[in-house]
2 protein chains.
Amino acid sequence: MRPTLKDVARHSGLSIATIDRVVNQRPGVRQKTVERVQSAMATLGYIRDVTAADLARREVYRFVFVIHDGPNSFMQQLAVEIETLRQFSANNRLEIDLYRVPPFDGAALARLLNRLDPATCSGVAVIAADGVAVRDALVRLKALGLPVVTLVSDVPAFPRDAYVGIDNVAAGRTAGRLMGRFLGGRNGKIALVAGSMLVRDHVERRMGFEQVIAETRGLDCLPVLESRDDSRIVQRMLRDCLSSHPDIVGIYNMGAGNRGLIETLSAVPPTERPQVIVHELSEHSRHALSEGIVDAIIHQDAGHEVRSALRVLKAKIDKIPLLQGQEQIRIEIYLNENLPAAPA
Amino acid sequence: MRPTLKDVARHSGLSIATIDRVVNQRPGVRQKTVERVQSAMATLGYIRDVTAADLARREVYRFVFVIHDGPNSFMQQLAVEIETLRQFSANNRLEIDLYRVPPFDGAALARLLNRLDPATCSGVAVIAADGVAVRDALVRLKALGLPVVTLVSDVPAFPRDAYVGIDNVAAGRTAGRLMGRFLGGRNGKIALVAGSMLVRDHVERRMGFEQVIAETRGLDCLPVLESRDDSRIVQRMLRDCLSSHPDIVGIYNMGAGNRGLIETLSAVPPTERPQVIVHELSEHSRHALSEGIVDAIIHQDAGHEVRSALRVLKAKIDKIPLLQGQEQIRIEIYLNENLPAAPA
DNA sequence: CTGAAAGCGCTTACAG
DNA sequence: CTGAAAGCGCTTACAG
């Protein structure tokens with residue numbers, strides 16, 4: 001049997017309470033006693049039972065997730081996964097609140113974060129945005145001792161305990177490499193679509209993509225079309241772009257609004273369609289992939305990200321280590337052949 | 001606060017013990033009483049606290065993993081992940097034993113499985129193999145009431161509670177599609193390497209790959225080279241194959257032994273190298289990818305598979321539901337740009 | 001068929 | 001600075 005506090009107590013001739021103090025590094029134990037306990041723990045190979053501790057502490061974790069509102073289907077996926085996790089975790093003394101703020105609006109995000117405090121919240125997962133207001137809000141949360149992880153979009157310079165999401169430069173590079181391979185030596189222009197060049201993740205994806213294309217002979221990127229992640233704007237901009245650049249051989253949409261892109265390309269005869277790479281698996285992009293309108297999808301797993309954020313926050317609070325490999329969010333590539341089963 | 005057994009007891013005017021019986025569907029409760037409890041649970045919204053139950057039951061889960069021995073680096077990864085999980089889970093009343101049997105040896109596997117029983121083991125994760133001996137061993141485990149999941153390689157017809165691994169037909173199709181895209185209209189032959197055509201996962205990968213290549217004009221697959229997953233055999237066979245087929249434009253290794261493949265191709269001038277797609281990310285394949293010897297790696301996450309197997313077995317025993325999306329093993333595609341950070 | 005009590009491994013006041 | 005005791009939400013014998 002695994003040793004318990006009781007065993008360590010008996011072995012060291014001390015009480016359970018004292019062992020507990022040492023195990024949890026609580027103050028008020030003589031150095032001599034600490035050493036006595038530590039040696040007993042070492043010889044017995046004591047390991048703290050975290051679930052028993054949770055139970056005794058009757059702590060209820062209350063995590064706040066902040067994502068974007070609007071029709072962006074990746075955000076919908078995040079919302080669904082958060083809700084699923086919420087229901088699934090109800091039997092674990094764990095509550096989850098979901099808030100949605102407008103994208104591209106740091107002020108709104110900061111206002112929300114500034115309302116959070118330890119009385120009602122034990123940790124925060126947030127889609128970060130640049131800007132002083134957001135930074136100050138994060139500084140405040142840190143001062144309050146609330147653990148914070150950035151989700152999907154990071155600002156490395158701001159105080160946060162971890163980033164849960166993909167490396168967007170690498171994602172852009174991946175798209176660039178696929179584009180180069182798929183075009184296999186053909187020459188021409190590549191149209192780039194992004195939500196906004198003021199948003200870090202799109203800027204990073206673009207940089208990665210252009211890095212790779214710059215090394216690829218015969219291919220050049222056009223200036224980025226900024227769509228504010230709005231399908232209708234994507235559709236209009238792309239249509240105009242295609243008609244004014246007959247030499248477009250590829251399209252990379254690093255943002256949302258795939259519906260608009262698909263609309264536009266459906267009007268193009270299959271034999272004349274450029275190679276198309278987009279981000280985020282959704283009902284629409286999946287369908288476009290199977291129709292041959294889209295050639296590859298770069299994806300990140302919303303469910304994985306949500307669960308990982310939760311584990312990271314909980315580990316921070318419980319001061320327990322994480323399984324590193326489990327928290328690494330992958331840059332996934334989907335072709336028509338390796339699509340996961342569609343959700344029911 | 002979430003309601004507890006005590007609350008339900010008070011609300012229904014019964015004792016905690018009776019509530020417990022109903023919650024856990026234990027026998028010996030009058031139908032009338034059952035209904036009384038159920039209605040109380042429903043109105044209070046009672047949810048069982050699984051961790052408290054685990055603690056009280058002081059059940060120690062003891063799971064057995066059976067994988068292959070030998071130098072196969074994917075098996076090494078599995079072994080590492082199992083060991084990591086073992087250490088990580090020690091504080092969860094959870095023990096894990098790892099056994100390794102020779103690959104391609106159903107008799108040895110069956111012998112091992114036949115030694116398992118509920119006294120020393122509460123669940124089994126096993127790399128399945130076809131054959132009567134294995135089937136009978138699985139039938140025996142089922143009769144003993146031990147939950148079993150097949151890991152990495154499945155035999156759908158055999159009794160098991162779940163399969164934790166990828167769809168190998170889809171993996172083969174994915175490799176085939178990538179090959180077609182990368183070759184971009186070039187004509188020629190494709191060399192196929194597998195461990196054995198008597199092993200289901202390789203047979204399935206081949207089928208998927210050939211399905212896609214058959215639809216691709218200008219490409220044909222050569223007969224499969226069977227290497228028994230031995231690097232040296234791969235090296236020799238491939239060298240001979242390349243020299244007798246100067247029109248080889250692609251190589252697909254659906255099995256192990258990538259080291260041999262890399263050796264052989266290192267000797268080929270870069271400009272004359274075929275497109276190469278292999279399975280399983282490893283130190284060697286990763287390096288070959290960065291050197292441009294390998295063009296893409298189809299991968300499955302050993303850590304994810306091991307953790308998933310554990311969750312599935314535990315859920316079976318605890319009779320709790322699973323988070324479906326979390327247990328879906330992905331067919332991952334790696335290019336040089338989206339490689340995860342190398343393990344330290 | 002139902003209930004009272006002890007216990008799982010820990011934490012938390014409270015005493016001393 | 002250290003310890004005895006109650007309690008977290010559940011399960012398990014044991015009584016009745």
Side-chain angles (χ1 to χ4, degrees), chain A residues 1-38 40-41 44-61 89-95 122 314 317-320, chain B residues 1-38 40-41 44-61 89-95 317-320:
Chain A
M1 286 305 293
R2 278 202 14 255
T4 69
L5 276 193
K6 210 162 144 189
D7 297 319
V8 181
R10 193 167 33 214
H11 192 86
S12 62
L14 291 156
S15 77
I16 288 183
T18 298
I19 312 300
D20 174 74
R21 289 187 184 98
V22 175
V23 167
N24 292 288
Q25 302 171 61
R26 298 185 226 279
V29 184
R30 257 194 318 178
Q31 184 54 31
K32 268 235 145 124
T33 315
V34 171
E35 280 157 20
R36 198 134 68 92
V37 174
Q38 280 169 344
M41 291 201 305
L44 293 180
Y46 173 76
I47 304 168
R48 177 164 170 270
D49 185 325
V50 182
T51 62
D54 277 355
L55 178 58
R57 214 173 325 107
R58 51 182 157 316
E59 173 157 325
V60 175
Y61 301 95
S89 306
N91 59 349
N92 283 325
R93 271 160 278 115
L94 209 148
E95 290 170 16
S122 38
K314 193 161 183 312
I317 294 174
D318 291 347
K319 292 177 191 146
I320 55 175
Chain B
M1 286 304 293
R2 279 200 18 251
T4 68
L5 275 194
K6 211 162 143 190
D7 298 317
V8 181
R10 194 166 31 212
H11 192 87
S12 61
L14 291 155
S15 75
I16 288 184
T18 299
I19 312 300
D20 175 75
R21 288 187 184 101
V22 175
V23 168
N24 293 288
Q25 302 171 60
R26 297 186 226 279
V29 185
R30 257 194 319 175
Q31 184 54 30
K32 267 236 148 125
T33 315
V34 171
E35 281 157 21
R36 199 135 68 94
V37 174
Q38 281 169 343
M41 292 201 306
L44 294 180
Y46 173 76
I47 304 167
R48 179 164 169 269
D49 185 325
V50 182
T51 61
D54 277 356
L55 178 58
R57 214 175 323 108
R58 49 181 159 318
E59 174 156 327
V60 175
Y61 300 94
S89 305
N91 59 348
N92 284 324
R93 271 159 276 115
L94 211 149
E95 290 170 17
I317 294 173
D318 291 346
K319 292 178 190 145
I320 56 175

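Put simply, NE2 on B:His11 and CG on B:Leu14 are 11.0 Å apart, with the number rounded to the nearest 0.5 Å.
Summarising the geometry, the separation between CG on A:Leu5 and P on C:dG7 is reported as 17 Å, rounded to the nearest angstrom. The distance between atom CD1 of A:Ile19 and atom C1' of C:dG9, rounded to the nearest whole Å, is 14 Å. In this structure, CZ of B:Arg57 is placed 18 Å from C1' of C:dA6, rounded to the nearest angstrom. The distance from atom CG of A:Leu55 to atom C1' of C:dG7 is 13 Å, rounded to the nearest whole Å. Atom NZ in B:Lys6 sits roughly 9 Å away from atom C1' in D:dG9 (whole-Å rounding). A straight line from CE of B:Met41 to C1' of D:dC10 spans 14 Å, rounded to a whole angstrom.
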Under-3.5 Å N/O pairs linking protein and nucleotides 2-5 of chain C:
| unit_1 | atom_1 | unit_2 | atom_2 | d |
| --- | --- | --- | --- | --- |
| C:dT2 | OP1 | B:Arg30 | NE | 3.3 |
| C:dT2 | OP1 | B:Arg30 | NH2 | 3.3 |
| C:dT2 | OP1 | B:Thr33 | OG1 | 2.4 |
| C:dT2 | OP2 | B:Arg30 | N | 3.0 |
| C:dT2 | OP2 | B:Thr33 | OG1 | 3.3 |
| C:dG3 | OP2 | B:Ser15 | N | 2.9 |
| C:dG3 | OP2 | B:Ser15 | OG | 3.1 |
| C:dG3 | OP2 | B:Thr18 | OG1 | 2.9 |
| C:dG3 | N7 | B:Arg21 | NH1 | 3.3 |
| C:dG3 | O6 | B:Arg21 | NH2 | 2.4 |

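At the heavy-atom level, A:Asp54 lies nowhere under 4.0 Å from the strands shown.
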Which dot-bracket notation, 5' to 3', represents the base pairing of DNA chain C when pairs are defined as Watson-Crick or G-U with both distances under 3.5 Å, crossing pairs as [ ], and inter-strand pairs as |? |||.||||||||.|||

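Nearest heavy-atom pair across B:Arg21 and B:Pro27 is CD-O, 4.3 Å.
In this structure, A:Arg26 does not reach the D:dC1 phosphate: none of its side-chain N or O atoms is under 4.0 Å from OP1 or OP2.
Under the side chain to side chain donor-acceptor pair (under 3.5 Å) criterion, B:Arg57 pairs with no residue, sequence neighbours left out. Legend: residues meeting side chain to side chain donor-acceptor pair (under 3.5 Å) with A:Gln38, ordered by chain and number and at least two apart, are absent. Judged as a side chain to side chain donor-acceptor pair (under 3.5 Å), and not counting sequence neighbours, the contacts of A:Arg26 are A:Asp20. Every residue meeting the side chain to side chain donor-acceptor pair (under 3.5 Å) condition with B:Tyr61, not counting sequence neighbours, appears here in chain and number order: B:Asp54, B:Asp318. When the side-chain contact (heavy atoms from CB on, under 4.5 Å) test is applied to B:Ala56, no partner is found at least two apart in sequence or on another chain.
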List, one per line, each side-chain donor-acceptor pair under 3.5 Å for residues 28-36 of chain B, sequence neighbours excluded.
| unit_1 | atom_1 | unit_2 | atom_2 | d |
| --- | --- | --- | --- | --- |
| B:Gln31 | NE2 | B:Glu35 | OE2 | 3.0 |
| B:Arg36 | NH1 | B:Ser12 | O | 2.8 |

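Residues B:Val23 and B:Tyr46 meet the side-chain proximity criterion, which asks for heavy atoms closer than 4.5 Å.
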